[in-house]
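Note sheet for the following structure.
A, B, ... follow the sequence lines: proteins, then strands. Residue 1 opens every chain. The basis for the numbers below is simple: all heavy atoms, side chains too, and nothing from hydrogens, waters or symmetry mates.
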Amino acid sequence: MEYIIIIISTVLVNNVVLVQFLGLCPFMGVSNNISTATGMGAATTFVLVLSALSAWLIEHLLLKPLGLEFLRTLSFILIIAAVVQFTELYLQKTSQALYKSLGIFLPLITTNCAVLGVALLTIREEFTFSESLIYGFGAAIGFSMVMVIFAGLRQRLELAEVPELFSGVPIGLITAGVLSMIFMGFTSLV
Amino acid sequence: MITAIFVLTLMGLILGYLLGLAAKYFHVEADPIIEEISELMPGTHCGQCGFAGCGQAAEAIASGETEVTCCPPGGKQLAETLADKLGITINLDDIANEPLYANINSSECTGCTRCYKVCPTDAIVGANKQIHAVINAACTGCGACKTACPENCIDMLPEPIVLETWHWPKPIAA
Amino acid sequence: MNIITISSPHAHDHSSVSRLMFHVCLALVPCTLYGLYSFGFPAINLFVITIVSGIFWEALCLKMLKKPLNFLNDYSALLTSWLLALTLPPWAPWWIGVGGSFIAIVVTKHIYGGVGQNVFNPAMVARVALLISFPVHMTTWPIAGNDPFAISFLDSLAITLGVSPIPDAYTGATALGAIKTGLSVGATANDLVSDHFVFTDALMGKMSGSLGETSALLIFVGGLWLLSMRVISWHIPVSMLLTMSALTLLFHLIDPTLYSMTSFHLLSGGIMLGAFFIATDPVTSPSSKGGQLFFGAGCGVIDFLIRTWGGFPEGIGFAVLFMNALTPLIDLYFRPRIYGRRIDGSPKQYDTVEPAQEGKQT
Amino acid sequence: MKFSPFRGGVHPDGYKELSAHQAIEKLPLPDRLYVPLRQHAGSEALAIVQPGDFVMKGQLIGRAAKGISAPVHAPTSGKVLKVQPFVAAHPSGMDSNTVIIECDGNDTPIATPTNIDPFSLDGKTLSDTIANAGIVGMGGASFPAAVKLSSASRQVVNTVIINGGECEPYLTADDRLMRERPEQIILGARLIRHIVNAENVCIAIEDNKKEAISALRQASSEYRNIQVIVVPTLYPMGSAKQMIQAVTGKEVPAGGRSSDIGVLMHNVATTYAIAQCLSQNEPLVSRIVTVSGGAIKHPKNIEALVGTPIKQLIDFCGGTLEEPSKLLLGGPMMGQLMPSDEVPLIKGAAGVLALNNNEISQPSASPCIRCGRCVSACPMGLVPLEMANHSRQQDFDGAIGFGLKDCILCGSCAFVCPSHIPLVHYFQYAKGEVAYQKATQQRMDHTRQLSESRRARQEKEAAEKAAAKAAAKAAKEAKAAAKRKKQNAASANQ
């Protein structure tokens, strides 16, 4: 039950993009079409879960016993960079098309604040190992869901005759704002 | 302090080693995109793009040295396909919509055979001292014959619209 | 020869967008008149202000975007601001109406490209934005059942202009709000419902709430008329109301002290108005029948979630908007099956023997 | 709501009462006939007559081209004036090659009816006869009937469906034909059954044609395997795919033919033409056409020769009441706007309509409000609004994704669109563009092949040249060496 609450909380109530405003860069950057957004979601899910997991391990097996908590951010970034690099290698091997369409945004997952943010949050919330795993997973699902929804909306907007002044990123930002407003409706759901 | 340096160095080394292994394991052979692109090219090696042949052009396109719109025989359609393949956006308005094909003005043709010698697709027929003609279906519109013609009697014209080739225009904006 | 080519068909069923919109407006008349009557002059002021400003914003946008002004004839601006007015607290000050119609018409409609291109329901975006920005003004409800015209026209102007606050004696909570507050302090749902909810009053509209959402019966009548005129299809309202009924019934049966009964949920708040007039907005709802059923069900579920566990007493606006956001995806995945093809798009096959597989088995 | 035999569909106003009570009348011979060489799907027929030639009724004047094509015959006797481009019965307003015949008024036929019983001949012979008679689908698509027959006879056909679902508003030509000449239709149906060796025949008629139903029931009463089936009146019932679904409950697989599910369908007018051809030895040179519409004084059903200018048909109906707003060939749902009233009647045209301003759709389109009526109305299960939207942005792959290739252009979507969006026009445009792209692709493949073979040839030539050169050189060297040897030997001897 607790896990379900964590999932609902991370997906809807504290959605990493629309409520915590983390990871907006890929959210705006690779949401041009649904398949790319799904790919980005999947890649980010992979990185998020893996980094939340290894962050917990590093924190509890290495940093805390040695009293090196001040190295937390530094070492997490190191881990995340490695995981992203690994993902990139893997994608390049398995799915050229996705690799190409994600382009620069794939290595940029490294600097995706959602990833570091989630890793740091799991430590701050003092989650257990399995809880932080679920938390990372929930955040990733929330991220992917919003990415796909937003990509759907943007695909539709591409066909709309948006006034030139607002077409492209501006209308995207307005839409993201409305989406964020909608997610306020889920406040205190859990 | 020493522990911190040690720990970070160790982490870096371990991760680096793992990544090195992964890189070896997931190694990808040369970029396959060049081959895919040269498959798409017209393959007539007409040279209008400024490269010696379609293969070289494909390499240049893949590496981004030249635009996907560089190929007149391929026209709008090729540019679109290539842009899709490379995941880039192009401005299609820059390309002439209608491809142009060679037409020999028979009153000025002297039958010098120069044009049909340069035609990459053998689209020009005729014999010495006889008026040449273009087989429209085989012409790529590369314009090599126009350059070669000493009488300047080859014009590049759009295909005339007849009932068979007519198709519906776009509805007036709604 | 330069003739203008016009393709078939050359016949038409003579329907038009403006007629559709006009019919929706007509269907709104009964519940609107009732709302205006039961909430008196301040409500009338707000209604007029919202609609006039909505049409003004529309005209302004059309002018600025250099579109022909005759688009005003399609009644869409009228309908949007009308629907917005119906979802506002009846005694809200003037700037709620003007600001709301600005958000609805300018931000949610014209910036997205005008009629037919918006992805969110304009009236609902405006309402939700107002609710989040001005929670106090948007949750001050006049008590229903007072003598409707106890407030004179002059006093009503003071209320509308915001110079004098609404006297406390006239305000109260909506049934949904009262029950949410009551539950949070430990009262049981059964008692709360019997205190705050009278079936016939809710049906007729003798309760507090937004301007046009009070009389479930009149809204229902308007909705039925729209259905019979084929302006809307039954899929969204039916699936939305059914989902709501099913969920509330289920939870009420599980624990009646925590979860109120179905009739209460169906007759209070904006669910009726939402089901018949807001969720059915063609622009922002899916175009296929299957998609519409899913859309309606989704609205029902989310509204139920927010009403039951969320921070707001009523979540219909959020629910509709959330499903609006999902609509492009729904349209993508809920497509009709193409003739001669399977649902996955591959050609249909009849009575085909697959010799290759038989060969494998031997 | 009535049970509908296929998805979607619309109920346009029929206007059939305008001409349904008018018996078929024969148009007097016109002075001149303009017989287009392209009256069918596929390639244009090739003219085999010269200006000045005298032709007889039924004489071949254009032979079928290679591939899918159909021959064209002289509709009456007379002198060929010209063979030249003339305005075609086509919405583009372009010209197509046309044989212009000055009628001599005698209507001398080239052949006389034969006495051979067609049922004694085999299917192949009969279908060749039909091919040579230039019979094409007369319901609108104008697909050569013999091609359909011969491809169907290669498969197993259980059911032959005769399509009497004249679902287009105004048109009553098929209705009148069924009422007045049911015996010939039954004969045609039996012949088709004989050709493809089918078990039974279904004649499917919409329930708004009561007289036609009873006439055909009566005419077919002695044949047990001929059945008259009544189907509901719903547009587009006359479309082959929809009719097959209504009759058999099966759908023609996408990209396949009706014979894939054991069905062969022909329109009643085509069936009639087949009967006329096989029993009377008459090629297809005339058809029954409804001339109707609000602007026509006395709407009529006319049996007219192919090639008759439609102006003469209209004049025969007493002319027009007012300047028609639109002049159509075919019905109002799928018929096309004609560039002038000089266009000739063609084999596939079941109607000539002169519509007044109240009857036509107004072209003022407003933005799509995504109401989904087109989705509900589409008999093919497509998403017209998205198809049009993507076509407008020239995203044809997107339009194909929503079903552009399955679209039958029936017009149901545009008929119900409250925004008056020219949906079908968008689809015509997109289909044209897609076809054009495909043609361009084919052209490129073709030229690539040519270029490769040229290179191969040049390389071969170069190699041969080099080989010849090398051989010559070798020979020369060998000669030189021999000489040297000789010299050496000589010097050694010395």
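In this structure, the portions of D:Cys371 lying under 4.5 Å from any heavy atom of chain C include both its backbone and its side chain. Only the side chain of D:Val383 comes within less than 4.5 Å of a heavy atom of chain C; its backbone N, CA, C and O stay farther away. For a residue to count as touching a neighbouring chain, one of its non-hydrogen atoms must lie under 4.5 Å from one of that chain's; by this rule D:Lys241 touches chain C with backbone and side chain alike. Heavy atoms closer than 4.5 Å to chain D are found in the side chain of C:Leu20, but not in its backbone. If you measure heavy-atom distances from D:Leu328 to chain C, the contacts under 4.5 Å come from the side chain alone. Interface residue D:Phe402: backbone and side-chain heavy atoms are both found under 4.5 Å from chain C. Residue contact with chain D, scored on non-hydrogen atoms closer than 4.5 Å, is absent for C:Ile232. Residue contact with chain C, scored on non-hydrogen atoms closer than 4.5 Å, involves the side chain of D:Leu385 exclusively. The part of C:Arg335 that comes within reach of chain D is its side chain, from C-beta onward, which places non-hydrogen atoms under 4.5 angstrom from that chain. Contact annotation for D:Gln428: only side-chain heavy atoms (C-beta onward) come within less than 4.5 Å of a heavy atom of chain C.
Using a cut-off of 4.0 Å between Lys/Arg side-chain N and Asp/Glu carboxylate O, C:Arg342 and D:Glu251 are scored as not salt-bridged.
Annotation: the span from D:Met333 atom CE to C:Ser8 atom OG amounts to 8.5 Å, rounded to 0.5 Å.
Ring geometry for C:His12 versus D:Phe415: interplanar angle of 30 to 60°, hence tilted.
Chain D forms the most heavy-atom pairs under 4.5 Å with one residue out of C:Gly116, C:Gly340, C:Pro347, and that residue is C:Gly340.
At least one side-chain heavy atom of D:Arg370 sits less than 4.5 Å from a side-chain heavy atom of C:Asp331. Using a 4.5 Å heavy-atom cutoff, the side chains of D:His425 and C:Ile6 are not in contact. Side chains of C:Asp281 and D:Ile369 form no contact here, defined as non-hydrogen atoms less than 4.5 Å apart. Side-chain contact check for D:Val375 versus C:Pro336: some heavy-atom pair is nearer than 4.5 Å. Between C:Pro9 and D:Met334, every side-chain heavy-atom pair lies at or beyond the 4.5 Å cut-off.
The backbone N or O of D:Gly331 sits nowhere less than 3.5 Å from a side-chain atom of C:His10 that would complete a donor-acceptor pair.
Annotation: cation-pi geometry not satisfied between D:Arg7 and C:Tyr339 (NZ/CZ under 6.0 angstrom from ring centroid, within 45° of ring axis).
Every ring pair (Phe, Tyr, Trp, His ring centres under 6.0 Å) that C:Trp225 has, sequence neighbours left out, goes to C:His23.
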